[in-house]
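Notes to accompany the following structure.
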Amino acid sequence: MAALNIFFGEILLLSLYITHIRYVDTYSIEPNPGAIEMIENLNKILHQYDHRIRPNGGSEPVKIYVTLDIISFHSVSETDMDWSVMVYLQQEWDEPRLKHNTSRPITLAGISTDTIWVPDTFFQNAKTTELHASPKQNCMIRINQNGTIFYSLRMSITSSCHMDLHSFPFDTQHCKEKVSSYAYTVDDILVTWNKEGVKVSPDVVLPQYSLSPIRVTEDYEQSVSGNYSVAALSFTLKRQLGFYLLQIYIPSSALVIIAWLTLWIDASTSSPARASLGITTILALVTQSSWLRSEIPKVAYVTALDVWLVTCQLIVFLILLQFTFIYFLNKLSGRRVPGGSQSTKKQQRYEVLEKRKNFGAEESNVDPQPPPLGFEEPHSLMRKNGNPFQQSKIEETSFRRSTSRKIIIYSKIANQMDKYCRVIFILLFLIFNIVYWTTYTIGKTDPVEEKDDSL
């Protein structure tokens with residue numbers, strides 16, 4: 001019985017094997033003639049190829065045609081003085097050693113530079129460069145039948161840009177970048193722009209800037225190690241004022257107007273409210289200035305925004321100083337001021353005279369006692385010294401006149417000063433606005449633009 005089971009099991013396995021062989025013969029994929037041809041040609045052209053030697057060997061220099069396709073602007077930083085972009089770096093050159101006779105170009109993805117010679121182009125102003133890998137490296141080489149090589153990379157570049165912030169935030173920045181070979185001089189490589197040059201994606205949007213058309217030039221640069229071919233590009237970034245109008249100029253103008261409105265508050269009756277408003281506005285301006293200085297580089301010169309903020313702080317400070325002088329005049333005049341009932345020395349003297357007057361009136365209401373027998377009033381002494389109550393009344397009248405005159409004078413000065421300052425400060429702020437906006441918008445010169453012509 002066991003032998004019979006083994007026999008039937010072997011028959012089942014044999015039938016399954018025969019079925020599998022028939023299935024493979026029926027559905028097997030035929031080798032692609034085109035793929036076989038491409039593999040054979042690639043092996044043939046790379047058999048005696050040396051990637052360490054540039055095209056054309058030691059004869060005429062090879063021309064590298066460069067195209068830069070800007071996909072997006074990551075950022076433009078005033079603090080670090082740089083700009084970041086993501087680009088397609090595309091390079092083309094002729095490689096006679098890689099000519100082939102296949103029916104279509106040979107495309108290789110993520111090929112190592114140890115297989116085919118590629119130029120050592122680099123960005124001179126770049127701080128950092130990063131080749132994207134998502135997940136495999138984003139690079140491609142296409143070998144055409146005539147030996148033309150197309151080499152494309154997707155990468156991010158962060159390049160430095162010297163920024164002149166004298167007119168910040170009305171500034172216009174001119175940035176540039178240069179592409180050249182790191183090791184090969186003009187005797188070996190000539191870097192030149194392709195017909196398309198630099199392309200910018202229509203989806204590129206900068207939040208705070210407007211981007212001008214990019215200019216491309218070609219030049220040579222002499223250095224210690226030799227003369228190099230350079231393909232340069234330059235562009236202009238004009239700053240938009242929307243953010244700074246909403247966050248800086250309008251709020252600071254409102255604070256100055258609030259400080260100016262305190263001039264309409266009577267300092268003799270509401271000095272605490274007037275003082276607190278003035279102090280609050282100047283503290284708000286200082287806080288705003290401190291926040292802004294943390295957002296821009298710590299430059300050694302004065303920017304347009306510094307001029308605005310310092311002027312606003314100065315106007316608010318002068319308004320607060322004017323209130324202090326008015327408060328001092330009210331103290332001199334003897335007028336009681338909020339926050340206490342202490343009067344001046346002259347007012348205290350007036351109160352003493354009032355008490356003396358009342359005391360004299362009480363004494364006059366008392367019936368005089370007859371003098372003792374034999375007493376004789378010294379009339380000569382009375383004539384010499386006079387009546388003490390009459391003298392007190394004269395002093396009181398003189399004090400009232402002098403005090404009343406000073407109160408009127410000081411009060412008049414304080415009121416007139418408030419009236420004049422209401423006009424002076426608002427006119428001062430308006431004139432400053434006219435000069436400021438005219439200087440930095442209409443009459444602004446751009447010294448950096450002349451430097452851009454040297455590329």
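Just so you know, residue 1 is the first one in the sequence shown, and it goes up from there.
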Polar contact flag, side-chain donor to acceptor under 3.5 angstrom, [X]-[Y]:
X	Y	answer
Q416	D418	no
D120	S181	yes
Q124	S180	yes
Y209	R239	yes
S156	E130	no
S59	N56	no
T148	E92	no

Between [X] and [Y], is any pair of side-chain heavy atoms under 4.5 Å apart?
X	Y	result
S84	K127	no
V66	T192	no
E218	W193	yes
L153	L131	yes
H51	I116	no
I315	T311	yes
L68	K199	no
N138	S134	yes

Shortest non-hydrogen separation from [X] to [Y] and the atoms involved:
X	Y	result
T281	G278	OG1-O, 2.7 Å
D171	D164	CB-O, 4.0 Å
L165	T303	O-CG2, 3.0 Å
P135	A133	O-CB, 3.4 Å
V204	I70	CG2-O, 4.0 Å
Q288	S252	OE1-CB, 3.5 Å

Under the 3.5 angstrom rule, does the side chain of [X] hit a backbone N or O of [Y] as a donor-acceptor pair?
X	Y	result
Q313	I282	no
D306	V302	no
R104	N144	no
S167	F170	no
N125	C161	no
T324	L320	yes

In Å, rounded to the nearest 0.5 Å, how long is the span from [atom1] of [X] to [atom2] of [Y]?
X	Y	atom1	atom2	value
R97	R54	CZ	CZ	9.5 Å
M86	S201	CE	OG	9.5 Å
I248	L309	CD1	CG	6.0 Å
K63	L190	NZ	CG	6.5 Å
L108	T115	CG	OG1	8.5 Å
F429	S253	CZ	OG	4.0 Å

Does [X] have more than 12 heavy atoms from other residues, nucleotides or ligands lying within 6.0 Å of its [atom1]?
X	atom1	value
F317	CZ	no
F325	CZ	no
Q48	CD	no
F122	CZ	yes

### Query
Please walk me through it: do H100 and T102 pass side chain to side chain donor-acceptor pair (under 3.5 Å)?
CA-CA 6 Å; H100 59 88; T102 57; 2.6 Å; yes
### Summary
Paired with Q91, the side chain to side chain donor-acceptor pair (under 3.5 Å) test is passed by just one of N194, T67, T121, namely T121
### Query
Taking the six-membered ring where the residue is Trp, are the ring centres of W117 and Y49 under 6.0 Å apart?
no
### Query
Is it true that Y440 and W308 have ring centroids separated by less than 6.0 Å?
no
### Task
Using the ring of W260 (Phe, Tyr or Trp, six-membered ring only), decide whether R422 places NZ or CZ under 6.0 Å from its centre and within 45 degrees of its axis.
no
### Task
Determine the interplanar angle of the F73 and W83 rings, folded into 0 to 90°, and report it as parallel if under 30°, tilted if 30 to 60°, perpendicular if over 60°.
tilted
### Query
Residues two or more places apart in sequence or in another chain: which of them pass side chain to side chain donor-acceptor pair (under 3.5 Å) with Y249?
Y436
### Task
Inspect the contact between E221 and K178 and indicate whether a charged nitrogen and a carboxylate oxygen are less than 4.0 angstrom apart.
yes
### Task
Evaluate side chain to side chain contact (heavy atoms under 4.5 Å, CB included) for R142 paired with Y151, printing each intermediate quantity in order.
CA-CA 7 Å; R142 181 180 295 125; Y151 182 40; over 6 Å; no
### Query
After noting the C-alpha distance and the side-chain angles of D69 and L89, does the key distance pass the side chain to side chain contact (heavy atoms under 4.5 Å, CB included) rule?
CA-CA 7 Å; D69 190 356; L89 175 61; over 6 Å; no
### Query
T107 and M140: side chain to side chain contact (heavy atoms under 4.5 Å, CB included), yes or no, with the steps?
CA-CA 7 Å; T107 301; M140 179 266 291; 3.9 Å; yes
### Query
Between T185 and D188, does a side chain to side chain contact (heavy atoms under 4.5 Å, CB included) hold up when you go through it step by step?
CA-CA 6 Å; T185 63; D188 298 310; 4.2 Å; yes
